[in-house]
Structure formats: structure tokens, C-alpha cells
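First the proteins, then the strands, lettered A, B, ... as listed; each starts at 1. The figures here come from the full heavy-atom set of this structure, side chains too, leaving out hydrogens, waters and symmetry mates.
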2 protein chains.
Amino acid sequence: MTKPVTLKDIARETGVHVSTVSRALDPNARTSLTTEVVERIRTAAERMGYRPNRLASGLRTRRTMTVGLMLPDIANTLFPPIVRGVESILEPKGYASIIVNTDGDREREGKLVDVLLQRGVDGIIHAAPYRSDPRMVAVSRQGMPMVTVNRQIENSQIPAVINDDAGGIAEMLHYLYDSGHRQIAHIAGPQTLSTGRGRMEAFKVATRELGLDLPEHAIAVSSHFDEDEGRRCTRELLATGWKFTAILCANDRLALGAIDELHRHGLSCPDHVSVTGYNDIPFLDLIPPGLTTIRIQQFDAGRMSAELLVKMMTEPDATIPRTTILPVKLIERGSVKRIT
Amino acid sequence: MTKPVTLKDIARETGVHVSTVSRALDPNARTSLTTEVVERIRTAAERMGYRPNRLASGLRTRRTMTVGLMLPDIANTLFPPIVRGVESILEPKGYASIIVNTDGDREREGKLVDVLLQRGVDGIIHAAPYRSDPRMVAVSRQGMPMVTVNRQIENSQIPAVINDDAGGIAEMLHYLYDSGHRQIAHIAGPQTLSTGRGRMEAFKVATRELGLDLPEHAIAVSSHFDEDEGRRCTRELLATGWKFTAILCANDRLALGAIDELHRHGLSCPDHVSVTGYNDIPFLDLIPPGLTTIRIQQFDAGRMSAELLVKMMTEPDATIPRTTILPVKLIERGSVKRIT
DNA sequence: TGCTTTTGCGCAATCGATTGCATTGAACGT
DNA sequence: ACGTTCAATGCAATCGATTGCGCAAAAGCA
């Protein structure tokens, strides 16, 4: 690699000291320097193709202008829009981000946090925390600016940007109720995740408020937010013998699995059973019968989490909202049938 | 942030010089040190929770153990699997990656390369280059290890890991031919990209070899690999009045757009017109009529590109294949109808 | 004009880890 | 027993940028 131009090179070229060059190139501290000198240095820097060495400046200032972005899995379509939202704020401000995939594995999460710390990130945006996540809480307590997005760590002071799960689930349940459904099953997400737990709690609250008296086995709990678990939980529900007319699923992939499993049992959606999802992942509108779901604002959630993080990194004493809840929207498609 | 433990801290604690600590902790250079000392230092380091500062070591050694990963858009489902493939190699070796999204914008690409250079990346994996991309070629010429994946920069020495476009297109065309189709249109990808250009050339070659005599306007060229352009090109094809029975599209999203546009004109796929895609993006099997397409190996492409890059970074004199072509596979679904 | 204040810039330490060279002490050979 | 060799560790420079302090010259003041 051709040796890059350094401050020293510019200093030699312009006949001044490197500290002068440093000051001349610093847009903030350009105090007490002749404009003539500043101009001379800046043109020289430009001409020589100077690019500041972020490593060196990071070492000295203890600010690397790097943030860590922890995801469960970038290949899960839920997360790329969050990433873009985050970048939309960070990149213009000069931050670069290191993305790591935890695969929902606590041990990996631990290793990856270490990786981020070794690289001296200025802050961390965590889209894959567990409801209880002592390690991340500890890192945060040590003073590392941190925000969670999409999920949250319960009983912690870590700011979270989440979607209105309670509102979304309630709205969906009312929608099913208004469509005539009374026997409504729920395929819940993993109870170790705030989204899985929160949506299940919301389901219980909302059914109670509606006066629905559902059997104990109306809820099947999945261990992963994926199609296979959607299928397994559907089998579990069918095996109870209970005659439900709708399944409210904690996310879209569980719902896709549920629809598939219903078909295998000769039950069609929505003719025999209505199914609803959550998140509104891409291409859902093209997949028959068109999953009725709750659209969440992934990009905005990413954007807002980055805004909060920047504030935490640059204004340590600023007041940061503990929880930011974004509104959601019911998307009506074909997977819910009105019954009488 | 609580001050991290440094070599100096360990040196003070164990009563030796920092250079001794450095050597004791270096798995390679642990030569000529008493095992007793090494052991004492290593346990102390462990106990104190030492984490090496990658910035400092990178500054000194000029190896940051960081690579840049340039994508068009992480939200495009084609790319996350490539990213995971890349990480599967880099992460275990201690590399972190900085991901940037070019959005197919040359100016942005330039800025982002600068960002990567400032951060002293040891190498770059580029999944979003143009067929002609002088800036990236220049960076490569300066000695920056670089590999392109999925696409390639033509007339350059930059190693590329790509899929067998010629083979895939030929296979698909033969498949259509064998299904009785003779009037076959092509919606080509952007001609500024090696994939768009290459697949179109392959289409021409393969039609010639089959003795198909297609009209000039059998090919509609898109400006982006997306649904809207698929629709526009389909309108263009329909407007010619030529009676084609199949459209071979340069990628899946163009194909989805094409099917949609055909429907709007009262033409169904595959009953009136057969349509084929390329890439085999997720959920395609769930979208009727099931797009017949070519499956490419994204994860493996990512993995191999990372393997090549690692080799370039660690063995500067190693021989690196200029082009690595991965096999593809035709996935038969319902969007092609056999005609007589 | 002589003294104080301000301005403009250089000096040198610093961030944490690495590494060529110097040094010390012990082992070795004769 | 004494010079030589080698093993084990210390010393100090270095990577590139930043920044508190200091110094000299210029400006301001009476």
C-alpha cells in the first residue's frame, strides 16, 4: 500500500510544525492561527491528498467515531431497514459502524461485545438483546453509551426504541373480534425476548378486556421467530382439539409457518382459519392469501435509536428518554375472513 | 467509560516491563521468555480483564484487522447472505468489517472508499462495482487488497468471485426451448453492471446457438434491477406488438415486476406468458405461480471472496485466481408452461 | 519609550502496543 | 578462573494525531 500522507508530510512541505498543521485542519480549533497560514496549509493538504488517520486520532482522543451494531442476523429481513435507518444518521456525522450477528446466542453475544470494546467503539446499538441481559447491562453501567432497538432489556436503564406492541396486538385482536372471531389462538414468540413476552402479555390483557374466555391452551409458545416453530405451534394447537377460528401470531414468519401447516391438515386460510402476522416483512403482499399484519417502522426505529445514541455520545449529561415507542399500523390483506 | 486495562497496568502489577508483557501475551513471539514469567503475566492479564487495544496495535503494526465491505444496499435480499458468508471466514480470524451501502451511486462510492481508507482497512470486498470503475482500480493499484464478489470490474486485475451467468442463462434458455418456447423475450439488467451486461450477452449467444431468430426488440434493457423497471420493460415489450410466449428476466425482481405488469394487461403467467427469474431470492416459492429461476450461491460467494482476500492480505505474493466462477442451479417452479 | 498583554506558533508529552537493540546475568568452554 | 556466548528482559523509538504549555514577537497602553 502506498504510504499515505501524514500531518508530518504537510508540515515539512509547508515549513510549519505538525501541531500547526493539526490546528489548521481542525474545523473547530482553528482559533489563533493566521488565515494566511491556514489557507496555505489547507491547500497543501488538499493538493497532497491528505486523509486523516482515524486510528491515530482515535488513540489520542479516545473517540474512534465508530459504533457497534449488534443484530441477531442481518439475513433476517426485519433488520436491514433498521441498519439503513441507523446509517442514515451516523454516516453523515462521520461515524462508521461495525455490524455483528449474534445469532441469538448468548455466548456469541459476549464474544462480539468484546470485539466491539477492543475496537473502542464510542457506543453500541443493540437490536438483539435478551429481556434479561446482565452482560450488556454491565457494559452500559461501565459508561458505554448504549441504545437498544426493536427489543429492550427489562429492568435496566438502557434507552430503548421499540414499537407499540401492546397497541398493535390490541388493535389486531379487536380487528379479529370485529370480524366475528371469538375463538382466537395465539402463537407467541420466545419468552426470553421482550417482543415475544410483551406481545403475549398484550394478547392476554386484550382478550380479558374483550371478555373473551379462552382456554389455557389457546396460547402456544414458540422458541424461535421462524416458520418451523410456526408449524410446530400450529400442530400443538390443532392437537388440543379446541376449535379456534383464528390464530394471532407474534410475527409474520410464525404466521407463514402456521398457514403452511394448516394447509397440510387440509385447512385453508382464511376459509377455515384466519391468520394474522406482525412486522410486515417484504413480499408479504405477493404471498397468498396476503397476510393481514401489523406494520412497524423499522427504518425510523433505526434512525431514532441512532439519534439517541449520538446524543448520549456527545452530550453525556443530556436527558434521554428511557423508552421511545413508535406507532404501528394494521395492514389489512386477505388472511382474515369475516365470520358470523 | 471505565478506563480499560493496558499493558502498562499489567507491567506495574507484575513488576516487569511493558515490552515483556507484550511479548508474553503475543502467541507468536513468545520466544525467549521464561515460562514462569509468561504464566505469571498471562494469569495477571486474565485476572485484570485485559483487552488489547486494537487501535494502538493497528497504528503501530499498520494492520487494523478490519476490512471494508461495499454493498449496493444491505436491504436488497441478495446481499445479506453474502455478508454472512464473508463474516463466516473473517470473524473467526479476528477481522471486523465495516459495511457501507453505495446505493449504486458513483459519488457515494467515492466518499465511502475514502471512509474505508481513513480507517486503514486491510482490504476491501466490493459487491457493488461498476463494469468500469477507475477509482476502485486505482485504489487496488496502490496496493490495497481487493476482491469483488457477485459482480466484476472488467479489464482489471481485481480478483472476482462470480456466478456462472453464461451457464445459467444458457441453461434457462434451453429449458424454455425444451418446453416448446421459440419466441422468447429478454428483460436485461443495467448495462453498466457486469451481471446485467453479461447475462444479456449470454442470452444473445445462447439464442444464436439454438438457431432462434429473434427480432431486435426481443430485448428490453432495464436501468435498475427492480420491480418497477420490470414493469416498464414489459410494457415496452408488449408495445412492440411482437407475440412472445416467454420472458427470460435478468433477475427475480425484474421478473416479479413483469408478472405483475402482464396481469394488468390481462395476461396471466404462465398461461399466456412464461416468465423466468435469476438469483432465487427468499420467499419466491411462496409467491404464485412460483418463479422458475436460477439459484446462485450467495453465501459461498461471500465465503470464497473472503478467503481470497485473507490470502491477499496475509500472503502478498500468493497467486490469486483472477476469476472464480461458482456453479448455478435451475430451480423449476410454476412460472413456465410447456407449450406445443 | 518602556512595560504589559495578546497573538501566533513551536515544543514535547501523550494515547497503547510493538520491536530492534542494548544490557545483564548466568551458563559454558578450556 | 576468566573470557565468551547465549538466554531473558529492559530501554526507547515508533506509529499519527492531539493539546497543554511556553516562548517570542507584535500590539496595546500610559
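Annotation: the span from A:Leu69 atom CG to A:Ile98 atom CD1 amounts to 10.5 Å, rounded to 0.5 Å.
Sorted by first then second residue, the salt bridge (charged side-chain N to carboxylate O under 4.0 Å, His left out) pairs that include residues 116-133 of chain B, not counting sequence neighbours, are B:Arg131-B:Glu154.
Listed nucleotides: C:dT18, D:dT19, D:dG16. Nearest to the side chain of B:Leu7: C:dT18. When distances run from any side-chain atom of B:Thr61 to the nucleotides C:dT19, D:dG16, C:dG8, the shortest one goes to C:dT19. Candidate nucleotides D:dC15, C:dG16, C:dT18 were compared by shortest atom distance to the side chain of B:Lys3, and C:dG16 ranks first. For B:Asn53, whose side chain is taken as the heavy atoms from C-beta onward, the closest listed nucleotide among C:dC15, D:dC15, C:dA17 is C:dA17.
Of the residues near DNA chain D, B:Ala56 and B:Glu36, the one whose nearest nucleotide (by heavy atom distance) lies more toward the 5' end is B:Glu36.
Ion pairing between B:Asp9 and B:Arg12 holds under the 4.0 Å rule for side-chain N and carboxylate O. Here B:Lys111 does not pair with B:Asp114 in a salt bridge; the nearest charged N to carboxylate O distance is not below 4.0 Å. For B:Asp300 and B:Arg303, the salt-bridge test passes: some basic side-chain N is under 4.0 Å from an acidic carboxylate O. Between A:Glu307 and A:Lys311 there is no salt bridge, since no side-chain nitrogen of the basic residue lies less than 4.0 Å from a carboxylate oxygen of the acidic one.
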*Any chance you could lay out the side-chain contact (heavy atoms from CB on, under 4.5 Å) test for B:Leu59 and A:Asn53, step after step, and finish with the verdict?*
CA-CA 9 Å; B:Leu59 178 60; A:Asn53 181 326; 4.2 Å; yes
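Side-chain N or O atoms of A:Ser140 include none that pairs as donor or acceptor with a backbone N or O of A:Met136 at under 3.5 Å.
OP1 or OP2 of D:dT9 has at least one side-chain nitrogen or oxygen of B:Thr34 nearer than 4.0 Å. Between B:Ser22 and C:dT18 there is a side-chain N or O to OP1 or OP2 distance below 4.0 Å.
For the helix from C:dT1-D:dA30 to C:dT30-D:dA1, the end axes, each set by the C1' atoms of five terminal pairs, are bent relative to each other by 50° (nearest 10°).
Only one option out of A:Ile125, A:Ile99, A:Asn150 pairs with A:Leu71 in a side-chain contact (heavy atoms from CB on, under 4.5 Å); it is A:Ile99.
Straight-line distance from the CZ atom of B:Arg40 to the P atom of D:dA8: 14 Å, rounded to whole Å. We find that CE of B:Met65 is positioned 21 Å from P of C:dG16, with the value rounded to whole Å. As a whole-Å value, the separation of B:Tyr50 OH from C:dT18 C1' is 10 Å. Spacing between atom CZ of B:Arg54 and atom P of C:dT18 amounts to 10 Å, rounded to whole angstrom units. Atom CG of B:Leu25 is separated from atom P of C:dA17 by 9 Å (rounded to the nearest Å). Look at CZ on A:Arg119: it is 15 Å from C1' on C:dG16, rounded to the nearest Å. At whole-Å resolution of the value, CD1 in A:Ile10 and C1' in D:dG16 are 11 Å apart. Spacing between atom CZ of A:Arg12 and atom P of D:dG16 amounts to 11 Å, rounded to whole angstrom units.
Among the heavy atoms of the strands, none lies under 4.0 Å from A:Val21. At the heavy-atom level, B:Pro4 lies nowhere under 4.0 Å from the strands shown.
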Below 3.5 Å is the cut-off: list the nitrogen or oxygen pairs between protein and nucleotides 11-14 of chain D, distance only.
from: D:dC11; atom 1: N4; to: B:Ser19; atom 2: OG; distance (Å): 3.0
from: D:dT14; atom 1: O2; to: B:Arg60; atom 2: NH1; distance (Å): 2.8

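Inter-residue side-chain proximity for A:Leu116 and A:Met144 is flagged as unmet; no heavy-atom pair is nearer than 4.5 Å.
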